[in-house]
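Note on naming: letters A, B, ... go to the chains in the order of the sequence lines (proteins, then strands), and numbering restarts at 1 for each one.
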2 protein chains.
Amino acid sequence: MKSDTTLKSIAKELGVSVSTISRALNNKSVVNEKTREKVVELAKKYGYVPNEIARSLQKCSSHTIAVVLPDISEVFFGKIVKQISAVVSAHGYTLLLADTGENKEQERKHLQSLYQHRVDALVLASVDDEEKHAKSFADNSIPVIYIDNVPEGTDLSAVTVDNFSAGKLGFNRLYDAGHRSIATIMGLQNEISASLRLKGFLSGAEEVNLPINPDLIKIGDYKRQSGYDAMCELLDNRDKSPFTAVYVASEKMTYGAKKAINERGLKVPEDISILGFDVHNDDYGGSQNITSIKQPEEQIGKKVGELLIDALVNKINASSQKILLSPLVEEGDTVSDLN
Amino acid sequence: MKSDTTLKSIAKELGVSVSTISRALNNKSVVNEKTREKVVELAKKYGYVPNEIARSLQKCSSHTIAVVLPDISEVFFGKIVKQISAVVSAHGYTLLLADTGENKEQERKHLQSLYQHRVDALVLASVDDEEKHAKSFADNSIPVIYIDNVPEGTDLSAVTVDNFSAGKLGFNRLYDAGHRSIATIMGLQNEISASLRLKGFLSGAEEVNLPINPDLIKIGDYKRQSGYDAMCELLDNRDKSPFTAVYVASEKMTYGAKKAINERGLKVPEDISILGFDVHNDDYGGSQNITSIKQPEEQIGKKVGELLIDALVNKINASSQKILLSPLVEEGDTVSDLN
DNA sequence: TTTGTCCTTGCAAACGTTTGCATTTTTCTA
DNA sequence: TAGAAAAATGCAAACGTTTGCAAGGACAAA
């Protein structure tokens, strides 16, 4: 590969015009077969690699898709990115990745920079309460797809797990197993996804006319420590507010909660049942698989990729698609059946 | 933000030349202060965003860094990417990410495509046994930095944990705790990093004149299942080839091995001590923290970022830097002290 | 007033492509 | 063999910047 070989240099060597070289290499329009052969041969000899930047400028398309995430080291996002990459790279697109560190300001900076790079599309897991920065991509007809945290009432497209259903499914899984005193540890309620999960959970309870003791609802920040702390509070209050099961709404909080239970010498699921959220048992070191409500990351990533290809390659401009994927129950050994 | 506002359109509106607009906005060369103000004001009014593609073409620099990995959903890589992103984005660089799925052909395709995008640098965790594809970046004076798996005797730069030391450190940790029959589960020996770890392990044993029973050396493929399988074999042979501790050379195999032990009703560390590798206890759900040899991901990523900035921004062209970072022991509760 | 200096601005080329249109060459038909 | 149709090629503009060089104007010193 040589980056200093250009259409021009090949043209000069061959004594033909640049246009001919371009056409020969892109085998689009008609070029004399003998000419083409000579061109191709020479291009190979010199290791010609087209300059995508020049191409982008000319075509007004960078063949590039921005992916903006709060934390790429989270397995959840990693798996999604992996799928998106697989789908779009098959169509010649490359990912521009930005990690915002869950910081609103960083997110805005990255968006600005990516806009400057004239990305063809944007996939965004936002931590920003304002939508306008993402919106301005769409205003310039750059497709935007939200994942994970979808602003309420947005016009933009989105692919996520159905968080309301996930909350309800969690409640039902425990209720169906005979649990009637159910605690929960949910995420920060200023995030849409978290608040939907709680709503779903409560709605499940309401449907079966089971009152939920407010003392059994704890809020954490998704980190392991907060799951641990919340669980400790629940356990401390167990005399006053007893419970037989807990639904923990994030992977790391689930681990923290389990740790708190084990530390007190209680057994899972004999003493307390745990239903986790999005636990990656495959990657996980426990001897016991945790029953959990799973987000279908592979599906999310794949769907995002497909929407992107639809928009960019097939030029289908379905404005504002809202894809809600169903959560699943992944069975493990941490929920006991009281029936 | 508007992408259809260009230097030209602002120039026309203001009745001055494009050059002046460019200079005013880049506040490089001298421009009349009043002119600059007018330009800046108009640029803001129209939401002008420079076209990075045009800029790249002109400057022969895309402000873009390629990161090519076998599996972005691995926490190890995720953490590295996060750090690299943090360092380089502060200097205006953006990451182009490619996930090869541990597939040599995919890796080559991605490299080709990234080369085409004229990235300014390449960070590569390779699964390719041939070095030439990466080499051709360097041949065109594009800095290349290997991470994780560094080809033996390469001319290119590299930042990794010192795998030999990691192997030795693992042995010593167990030996110092009084263990004398030490098993190990290592990675596939065609990968340099894995073979170095084994060499380090054996070298540690040799230094203290402790013979290692070859039956106690197992090879896995880094996945959880293979750790489980290898451990089962070790346990099945325990009568013939007894051992009190095992050093498992990857995170997921560590989990698998622990599971195998627990399933047989054996206790860690009372019956068997486990020393893991690169276990992320923070993210991990076990009630017991696993003692392990840690790769300093944050350091790796940070160092890679710094080398990139040195090369790209500070124009220090130190050819072929080999950075070996020291592994650490992260103490947990899975190695018993026999002294 | 002249000369020279400095400040500000414009011109035009360059970066490497693609592509509509015009032009040349070839091939075919009558 | 002329003429037309078809095929192959070239020309030049365009994409949106940056930047070396030159030119213009203002102003001060002589």
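An OP1 or OP2 oxygen of D:dG10 is reached within less than 4.0 angstrom by a side-chain nitrogen or oxygen of A:Thr20. For B:Ser17, a side-chain nitrogen or oxygen approaches OP1 or OP2 of C:dG10 to under 4.0 Å. One finds no side-chain N or O of B:Ser19 lying less than 4.0 angstrom from the OP1 or OP2 phosphate oxygen of D:dT19. For D:dT18, one of the phosphate oxygens OP1 or OP2 lies less than 4.0 angstrom from a side-chain nitrogen or oxygen of B:Arg55. Listed pair A:Thr35 / D:dT9 meets the phosphate criterion, a side-chain N or O lying under 4.0 Å from OP1 or OP2.
Expressed to the nearest 0.5 Å, how far CZ of B:Phe137 lies from CG of B:Leu111 amounts to 5.0 Å.
The terminal axes of the helix from C:dT1-D:dA30 to C:dA30-D:dT1, fitted over 5 pairs per end, subtend an angle of 60° to the nearest 10°.
With no hydrogens or angles considered, a side-chain donor-acceptor pair links B:Ser61 and B:Asp120 at under 3.5 Å.
The NZ atom of A:Lys8 sits 8 Å away from the C1' atom of C:dA14 (whole-angstrom rounding). Rounded to an integer number of Å, the gap from A:Gln116 CD to D:dG16 C1' is 13 Å. The distance between atom CZ of A:Arg23 and atom C1' of D:dC11, rounded to the nearest whole Å, is 10 Å. When rounded to the nearest whole Å, the span between CG of A:Leu25 and P of C:dG16 equals 16 Å.
In the interface, the side chain of A:Ser56 is not paired with the base of D:dC15 through any donor and acceptor atom under 3.5 Å apart. The base of D:dG16 lies outside donor-acceptor range of the side chain of A:Arg118, with no N or O pair under 3.5 Å.
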Q) Run the salt bridge (Lys or Arg N to Asp or Glu O under 4.0 Å) check on A:Glu105 and A:Lys109 step by step: do they pass? A) CA-CA 6 Å; A:Glu105 286 309 320; A:Lys109 271 191 201 161; over 6 Å; no
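A donor-acceptor pair under 3.5 Å is formed between the side chain of B:Ser320 and the backbone N or O of B:Asp155. A donor-acceptor pair is defined here as one N or O able to donate and one able to accept, closer than 3.5 Å; such a pair exists between the side chain of B:Lys322 and the backbone of B:Leu156. Within the 3.5 Å criterion, the main-chain N or O of B:Ile142 finds no donor-acceptor partner in the side chain of B:Asn140.
Nearest-nucleotide assignment on DNA chain D puts the 5′-proximal partner with B:Asn51, out of B:Asn51 and B:Lys59.
Nucleic acid contact class of B:Val16 (heavy atoms, under 4.0 Å, all strands): sugar-phosphate only.
In summary, B:Arg36 and B:Glu33 engage in a salt bridge, as defined by a charged side-chain N under 4.0 Å from a carboxylate O.
When side chains are defined from C-beta on, B:Ile21 does not count as touching B:Leu42, because their heavy atoms never get closer than 4.5 Å.
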Set out, line by line, the N/O atom pairs under 3.5 Å between protein and nucleotides 5-7 of chain C.
none

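Among residues two or more places apart in sequence or in another chain, the side chain to side chain donor-acceptor pair (under 3.5 Å) test is passed with A:Asp99 by B:Lys82.
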